[in-house]
Amino acid sequence: MALRHEEWMAEHGRAYKDEAEKARRLEIFRANARLIDSFNAAGKHSHRLATNRFADLTDEEFRATRTGYRRPAPAAGSHGGRRFRYENFSLADAPQSVDWRAMGAVTGVKDQGDCGCCWAFSAVAAIEGIHQIKTGKLVSLSEQELVDCDVNGEDQGCEGGLMDDAFQFIARRGGLASESGYPYQGDDGTCRSSAAAGHAASIRGHEDVPHNDEAALAAAVAHQPVSVAINGEDPAFRFYAGGVLNGDCGTELNHAVTAVGYGTAGDGSRYWLLKNSWGASWGEGGYVRVRRGVRGDGVCGLAKLPSYPV
């Protein structure tokens, strides 16, 4: 295992401050690697895990830097009777598969780094999608503006936030800057009003998908990318390497991703295609396929609180 750790360090460019830290990280790596090896050796899962670049982090360290979704109070997260514009859409009229990447509505995979602002990346990806669908122009938008400027409510930069609140902030502000105009820094900063003033895209607000209703989620995703809250700290998700993730994680919401499509795998498994914000080396090029068609909360809780910008 020590040799495996050395090879892993070389692969991921990891260095430690001293031998004591290296020894501590080896023990964390050992525990995670054993869990991953045991999972893969069972041979009964439709997805596989890998000792990715998060393999030397404790659960607490990973949660603090790589997630960041703040579960809202029940009243704040409820559908609240607001219109769901796709409620009369028949899935019989929808395509069997949807991939907004192929339709030019998804920017490249991004990396939030050691900043718990997944909520900003999820919201931005959904806005990038609807902006392209409406205008025909795909523009990479600024997560850093949300991290720096949207700090007067639940959204608190690298300490977590909510996509719905981000949508409301952008709607009130009149738009969001481009990535190039307000580039990502990966830490909390002071709001740069001059950079934020150059709006590259705008929305009017947002709507929530009815809770625990994958048919409603499919109707929404058939029309645009959708922000999704999920259990991203579970090892089944954290160490995901490929395949269709099939019910091996809990449903406590702590991470945010963006649903950019759905389809059916070669073995007949129906799945959601989710864009993550942990870089392209994670999962399937930065994406994860999660089993679709599960009653209730959905796999990893993905059906609990989806929403989308309008």
Side-chain angles (χ1 to χ4, degrees), residues 12 36 47-55 57 59 61-70 98-102 105-129 140-141 143 146-147 158 160-163 166 179 184 186 217 221 225-246 248-263 271-292 298-308:
H12 296 282
I36 291 163
H47 77 287
R48 61 190 181 279
L49 306 184
T51 48
N52 59 25
R53 60 181 169 138
F54 308 131
L57 300 177
D59 293 346
E61 289 170 333
F62 180 81
R63 183 184 308 116
T65 59
R66 287 287 171 169
T67 59
Y69 177 81
R70 291 187 171 193
V98 170
D99 187 341
W100 285 108
R101 298 175 302 181
V106 183
T107 59
V109 171
K110 302 180 183 182
D111 191 343
Q112 68 189 73
D114 294 331
C115 172
C117 62
C118 59
W119 58 275
F121 281 82
S122 171
V124 164
I127 296 170
E128 290 170 342
S140 184
L141 299 173
E143 295 83 13
L146 290 173
V147 170
C158 294
L162 298 168
M163 293 80 80
E179 186 82 50
Y184 188 63
L217 180 56
V221 176
V226 174
S227 286
V228 171
I230 203 165
N231 185 332
E233 68 181 35
D234 192 289
F237 192 94
R238 170 181 170 184
F239 297 119
Y240 169 83
V244 177
L245 202 163
N246 186 12
D248 296 305
C249 55
T251 60
E252 182 66 29
L253 303 181
N254 45 55
H255 186 50
V257 293
T258 312
V260 297
Y262 59 79
Y271 64 82
W272 297 105
L273 177 64
L274 307 179
K275 181 185 184 184
N276 201 0
S277 53
W278 295 344
S281 65
W282 179 86
E284 295 181 334
Y287 293 84
V288 54
R289 288 178 294 158
V290 178
R291 184 184 173 194
R292 177 168 57 100
V299 173
C300 297
L302 64 82
K304 281 186 172 182
L305 293 173
S307 59
Y308 53 89

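Just so it is clear, the values below take in all heavy atoms, side chains as well, and ignore hydrogens, waters and symmetry mates.
- With sequence neighbours excluded, the residues satisfying side chain to side chain contact (heavy atoms under 4.5 Å, CB included) with T51 are R4, W8, F29, A33, I36, A55.
- Using a 4.5 Å heavy-atom threshold, the side chains of S140 and K110 count as touching.
- Contact of the V260 side chain with the Y287 side chain is registered, since non-hydrogen atoms from C-beta on lie closer than 4.5 Å.
- With sequence neighbours left out, the side chain to side chain donor-acceptor pair (under 3.5 Å) criterion links T107 to E128, K275.
- The closest side-chain heavy-atom distance from Y69 to L305 is below 4.5 Å.
- Listed by chain and number, the residues in a side chain to side chain donor-acceptor pair (under 3.5 Å) with H47 amount to none (sequence neighbours excluded).
- Evaluation of the salt bridge (Lys or Arg N to Asp or Glu O under 4.0 Å) rule for R292 yields no partner, not counting sequence neighbours.
- Annotation: side chain to side chain contact (heavy atoms under 4.5 Å, CB included) contacts of A64 (sequence neighbours excluded): none.
- Shortest non-hydrogen contact noted between A303 and P306 is O-CD, 3.5 Å.
- For the pair C158 and V147, the tightest heavy-atom approach, listed with the atom from each and the gap, is N-CG1, 4.3 Å.
- Scanning for side chain to side chain contact (heavy atoms under 4.5 Å, CB included) contacts around A50 gives A241, with sequence neighbours left out.
- Closest non-hydrogen pair, G298 versus T251, comes out as O-CG2, 3.9 Å.
- The only option from V290, V299, L302 that meets the side chain to side chain contact (heavy atoms under 4.5 Å, CB included) definition with C249 turns out to be V299.
- Within the model, atoms CG of D59 and CZ of F54 stand 13.0 Å from one another, a figure rounded to the nearest 0.5 Å.
- Counting all heavy atoms, side chain and backbone alike, T258 lies closest to A126 at CG2-N, 4.0 Å.
- Shown here are the side chain to side chain donor-acceptor pair (under 3.5 Å) partners of E252, two or more places apart in sequence or in another chain: there are none.
- Between the side chain of N231 and the main chain of N254, no donor-acceptor pair closer than 3.5 Å is present.
- In this structure W282 satisfies the ring-ring contact (aromatic ring centres under 6.0 Å, His included) test together with F237, Y240, W278, sequence neighbours excluded.
- Atom CG of residue L141 and atom OH of residue Y184 lie 15.0 Å apart, to the nearest 0.5 angstrom.
- The shortest non-hydrogen separation linking V221 to A259 is CG2-CB, 3.9 Å.
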task: Please step through side chain to side chain contact (heavy atoms under 4.5 Å, CB included) for the pair V124 and E179, ending with a clear verdict.
output: CA-CA 10 Å; V124 164; E179 186 82 50; 5.9 Å; no

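- Remark: R63 pairs with E233 by the salt bridge (Lys or Arg N to Asp or Glu O under 4.0 Å) rule, at least two apart or across chains.
- Atoms CH2 and CG, from W272 and L245 in turn, are 15.0 Å apart once rounded to the nearest 0.5 Å.
- In this structure, F239 CZ and D234 CG are separated by 10.0 Å, a value rounded to the nearest 0.5 Å.
- For the atom pair L274 CG and I230 CD1, the distance stands at 5.0 Å (nearest 0.5 Å).
- For R70, there are no side chain to side chain donor-acceptor pair (under 3.5 Å) partners, not counting sequence neighbours.
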Cut-off 3.5 Å, no hydrogens considered: what does the side-chain donor-acceptor table look like for residues 111-123, sequence neighbours left out?
| from | atom 1 | to | atom 2 | distance (Å) |
| --- | --- | --- | --- | --- |
| D111 | OD1 | R66 | NH1 | 2.7 |
| D111 | OD1 | G113 | N | 2.9 |
| D111 | OD2 | R53 | NH1 | 3.3 |
| D111 | OD2 | R53 | NH2 | 2.7 |
| Q112 | OE1 | S277 | OG | 2.6 |
| Q112 | NE2 | R66 | O | 3.2 |
| Q112 | NE2 | T67 | O | 3.4 |
| Q112 | NE2 | C115 | O | 2.9 |
| W119 | NE1 | G157 | O | 3.1 |
| S122 | OG | S227 | OG | 3.1 |
| S122 | OG | V257 | O | 2.7 |

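- Atom CZ of R238 sits about 8.0 Å away from atom CG of N52, to the nearest 0.5 Å.
- Across all non-hydrogen atoms, the minimal contact from M163 to S307 is CB-OG, 4.5 Å.
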